[in-house]
Amino acid sequence: QTGVVRRITCVGAGYVGGPTCAMIANKCPHITVTVVDMNTLKIEEWNSEKLPIFEPGLEEIVKRCRGKNLFFSSDIPKSIREADLIFISVNTPTKMYGKGKGMAPDLKYVESVARNIAEHAGGPKIVVEKSTVPVKAAESILSILRDAQRTNHNLAFQVLSNPEFLAEGTAMGDLANPDRVLIGGENSEEGKKAVAALVEVYSSWVARERIITTNTWSSELSKLVANAFLAQRISSINSISAICEATGADVSEVAHAVGFDSRIGNKFLNASVGFGGSCFQKDVLSLVYLCESLHLNKVAEYWHGVIEINNWQRRRFADQIIAELFNTVAGKKIAILGFAFKKNTGDTRESSAIHVCGHLMEEEARLAIYDPKVEEKQMRIELASETSKDRVEKLVSVFSDPYEAAKDAHAIVVLTEWDEFKTYDYSRIYGSMVHPAALFDGRLLFKRKEMESLGFRFFGIGSAPNHVTKVGFAASS
Ligand code: NAI
């Protein structure tokens with residue numbers, strides 16, 4: 001093993017592989033980076049004018065580096081053979097079959113990459129798990145690779161864990177200035193050498209004190225724990241939002257006051273219609289599954305609560321919409337603003353919008369959806385898997401103009417926090433709707449007073465509508 005990385009191959013050209021490798025190529029002109037994927041269409045898109053994913057700042061970097069030291073290829077065996085270091089950045093979704101169904105992460109893609117590396121490596125490689133995996137996944141990868149080593153003595157492998165912490169929507173900034181880079185490896189001479197080689201790559205642009213090295217299992221577990229803590233903060237504040245709605249407290253004021261405590265901090269304390277995205281739910285479930293496998297049932301229950309609150313919050317919001325529209329939404333047009341799981345991404349995986357729309361469709365509401373980035377086809381696929389294709393045909397229309405979506409609607413429901421939603425002419429929108437017109441703010445984008453003064457019946461997560469009687473103690477005399 002040389003210890004110096006000149007050629008990197010990344011298997012998996014998705015939301016992690018694409019942006020991460022673009023950043024490495026951008027910051028390390030001395031390294032040739034090739035991103036491969038079994039999805040040849042995706043590779044064609046990475047090589048085209050329209051990239052397969054939207055991420056602010058990504059296109060500029062890809063266009064600058066592509067063809068120089070950044071390549072997208074479908075030739076997986078060749079790229080594996082030529083690399084010094086191979087990132088595994090394939091998807092690890094929740095398993096939808098067999099043992100661990102609905103809980104455990106599906107590691108079949110990771111395993112198939114390991115087998116591919118074993119077959120095509122030809123020489124020594126550093127193999128890096130970038131995908132989020134359960135603790136000890138590196139051991140399974142290593143077993144497959146070491147087995148190949150028995151029959152081919154030219155082979156030598158080190159497996160490192162280097163989980164990715166980027167957040168969609170801010171991925172390029174997160175990659176350029178990471179809070180930390182985490183690298184886990186074996187505590188052997190060869191292991192340390194491999195860790196040092198990857199540290200060297202990141203040191204091109206990340207301060208050394210921000211690069212943390214640990215043992216492999218700590219690194220694997222830290223990623224799951226980081227996502228579990230982040231998701232837990234959202235569920236914590238969302239659980240409080242329900243108390244606020246019932247008492248007259250305002251969740252934004254509570255979050256502000258609580259967040260001032262430096263031990264708590266003010267980030268990730270926004271109440272909302274719940275978290276989405278490809279990672280939080282699957283990673284918390286993966287942690288719960290791990291706890292169950294270790295017979296740590298109390299711990300499993302504790303973390304499962306985070307998911308339960310999230311599902312409950314989505315349902316609660318949909319139920320409130322139905323209740324406030326006089327207990328029937330059948331046949332009513334409801335404008336949905338936002339379908340992506342968060343702003344600045346077109347990603348819809350596990351978006352709360354899917355669930356809220358699904359609940360409204362159970363009640364036969366007619367949905368008029370607008371999102372600045374999500375394509376109509378994608379919305380229809382997601383909603384069909386939540387309900388059925390026929391139901392989607394019957395109840396869903398997709399608009400490219402938010403004003404058209406809101407016209408003749410009984411209510412507007414805000415499900416993604418896109419900045420542009422704050423800039424619309426709501427007086428005009430109100431005038432075009434069926435009255436009384438309601439606005440349900442699932443992302444706390446609006447001020448109640450302003451919207452009420454325009455005429456809207458306004459419902460924001462975590463604060464009581466003015467007509468609701470608050471519970472309280474009777475004054476004692
Ligand atoms: P993705 O689904 O966007 O991309 C994965 C890609 O891997 C797909 O294009 C798929 O075709 C390809 N692939 C699967 N098996 C393959 C194989 N055997 N050979 C070649 N290509 C193969 O997934 P994403 O979002 O990039 O996530 C990848 C990993 O990173 C997951 O483990 C995820 O949990 C983790 N992660 C994701 C983050 C995110 O914001 N999306 C952030 C941090 C970690």
Side-chain angles (χ1 to χ4, degrees), residues 9-23 34-46 51-56 58 72-80 83 86-95 104-120 127-134 137-138 141 144 161-175 178-182 219-220 222-228 230-231 275-287 340-342 344-351 378:
T9 286
C10 173
V11 187
Y15 284 87
V16 165
T20 310
C21 288
M23 188 56 68
T34 306
V35 190
V36 296
D37 204 290
M38 63 182 181
N39 181 338
T40 51
L41 205 70
K42 209 178 244 188
I43 291 298
E44 276 172 31
E45 287 181 319
W46 278 110
L51 303 184
I53 64 171
F54 167 73
E55 197 49 72
L58 172 66
F72 295 92
S73 162
S74 294
D75 192 344
I76 301 177
K78 176 169 177 274
S79 306
I80 287 175
I86 301 164
F87 282 115
I88 303 179
S89 301
V90 297
N91 38 333
T92 48
T94 302
K95 214 175 154 197
D106 195 341
L107 295 178
K108 70 177 176 203
Y109 304 107
V110 171
E111 177 173 336
S112 102
V113 178
R115 289 184 186 281
N116 239 335
I117 296 173
E119 186 181 347
H120 299 292
V127 176
V128 184
E129 294 174 335
K130 195 160 253 317
S131 297
T132 305
V133 289
I141 297 174
I144 292 168
S161 160
N162 171 221
E164 184 48 61
F165 293 99
L166 68 79
E168 283 175 34
T170 54
M172 302 320 282
D174 297 342
L175 288 164
D179 286 340
R180 77 323 209 165
V181 166
L182 178 57
S219 173
E220 289 175 331
S222 297
K223 172 64 194 180
L224 292 185
V225 173
N227 272 357
L230 290 168
F275 58 76
S278 65
C279 294
F280 281 176
Q281 176 169 305
K282 114 178 140 58
D283 293 348
V284 175
L285 289 174
S286 169
L287 186 65
F341 86 92
K342 67 193 285 200
N344 295 336
T345 177
D347 196 352
T348 58
R349 290 179 290 182
E350 273 306 320
S351 177
Q378 183 60 22

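Since the model is a prediction, treat every value here as computed from it, not as a measurement. Counting starts at 1 for both ligands and their atoms, in listed order.
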Taking only non-hydrogen atoms of Cys279 and a 4.0 Å limit, the atoms of ligand 1 in range are 34 (O), 36 (N), 37 (C), 38 (C), 39 (C)
Distance in Å, Asp283 CG paired with Thr94 OG1, rounded so as to fall on 0.5 Å steps: 8.0 Å
So CD1 of Ile88 and CD1 of Ile117: to nearest 0.5 Å the spacing works out to 4.5 Å
Quick test of your reading of the structure: of Tyr15, Phe341, Phe280, whose heavy atom lies closest to atom 3 (O) of ligand 1? Tyr15
Using a plain distance cutoff, I'd like to know if Asn39 has any nitrogen or oxygen under 3.5 Å from a nitrogen or oxygen of ligand 1. no
With heavy atoms under 4.0 Å as the rule, classify the contact between Val11 and ligand 1 as side chain, backbone, both or neither. side chain
Is Arg115 salt-bridged to Glu119, cutoff N-O under 4.0 Å? no
Should the proximity of Ser278 to ligand 1, defined as any heavy atom under 4.0 Å, be assigned to the side chain, the backbone, both, or neither? side chain
Minimum heavy-atom separation for Gly12 and Val35, please, with both atom names. O-CG1, 3.9 Å
Any N/O of Thr92 closer than 3.5 Å to an N/O of ligand 1? yes
Result of checking Asp179, Asp174, Leu182, Leu230 against Phe165 for side chain to side chain contact (heavy atoms under 4.5 Å, CB included): Leu182
Would you mind finding which of Thr20, Val90, Asn116 brings a heavy atom closest to atom 22 (C) of ligand 1? Val90
Identify, with sequence neighbours excluded, every residue that meets salt bridge (Lys or Arg N to Asp or Glu O under 4.0 Å) alongside Glu220. none
Can you pull out the closest protein heavy atom to atom 35 (C) of ligand 1? Residue, atom name and distance to 0.1 Å, please. Thr132 OG1, 3.5 Å
State whether the shortest distance between N or O atoms of Lys42 and N or O atoms of ligand 1 falls below 3.5 angstrom. yes
Do any nitrogen or oxygen atoms of Lys223 come within less than 3.5 Å of a nitrogen or oxygen of ligand 1? no
Could you identify the single nearest non-hydrogen protein atom to atom 21 (N) of ligand 1 and state the distance to 0.1 Å? Met38 N, 3.2 Å
Under 4.0 Å to a heavy atom of Gly14 - the qualifying atoms of ligand 1, by number: 1 (P), 3 (O), 4 (O), 26 (O)
Atom 43 (C) of ligand 1: nearest protein contact (heavy atom, Å): Glu164 O, 3.1 Å
What atoms of ligand 1 come within less than 4.0 Å of a heavy atom belonging to Lys282? 33 (C), 34 (O)
Candidates Leu224, Asp37, Thr345; heavy atom nearest atom 10 (C) of ligand 1 found on Asp37
What atoms in ligand 1 come closer than 4.0 Å to a heavy atom of Leu166? 40 (O), 42 (C)
Polar-atom distance check: Val16 versus ligand 1, any N or O pair below 3.5 Å? yes
Closest heavy-atom contact between Arg349 and Phe341? O-CB, 4.1 Å
Number the atoms of ligand 1 from 1 as they appear, then name those within less than 4.0 Å of a heavy atom of Tyr109, with their elements. 14 (C), 15 (N), 18 (N)
Please find the pair of heavy atoms, one from Val133 and one from Glu129, that lie closest to each other, and give the distance. CG2-OE1, 3.4 Å
Closest contact, heavy atoms only, Glu55 versus Ala171: OE2-N, 3.2 Å
Scanning both residues in full, the closest heavy-atom pair of Ser278 with Glu168 reads OG-OE2, 4.2 Å
With sequence neighbours left out, what residues match Glu44 under salt bridge (Lys or Arg N to Asp or Glu O under 4.0 Å)? none
the protein heavy atom lying closest to atom 14 (C) of ligand 1 turns out to be Asn91 OD1, 3.3 Å
With a heavy-atom distance limit of 4.0 Å, tell me whether Ser89 approaches ligand 1 through its side chain, its backbone, both, or neither. backbone
Check whether any side-chain heavy atom of Ser219 lies under 4.5 Å from a side-chain heavy atom of Pro163, and answer yes or no. yes
Donor-acceptor pair, distance only, cut-off 3.5 Å: does the side chain of Ser286 make one with the backbone of Pro134? no
Can you pull out the closest protein heavy atom to atom 2 (O) of ligand 1? Residue, atom name and distance to 0.1 Å, please. Arg349 NH1, 3.5 Å
Note: ligand 1 atoms sitting under 4.0 Å from heavy atoms of Glu168 are 39 (C), 40 (O), 41 (N)
Can you label the angle between the Trp46 ring and the Phe72 ring as parallel, tilted or perpendicular, going by 30° and 60°? parallel
How far is atom 18 (N) of ligand 1 from the closest protein heavy atom, and which atom is that? Ser112 OG, 2.8 Å
Please could you name the atoms of ligand 1 that Val113 approaches to less than 4.0 Å, counting only its heavy atoms? 17 (C), 18 (N)
I need the minimum non-hydrogen distance between Lys342 and Ala167, along with the two atoms involved. NZ-CB, 3.8 Å
Using a 4.0 Å heavy-atom cut-off, say whether Glu111 meets ligand 1 through its side chain, its backbone, both or neither. neither
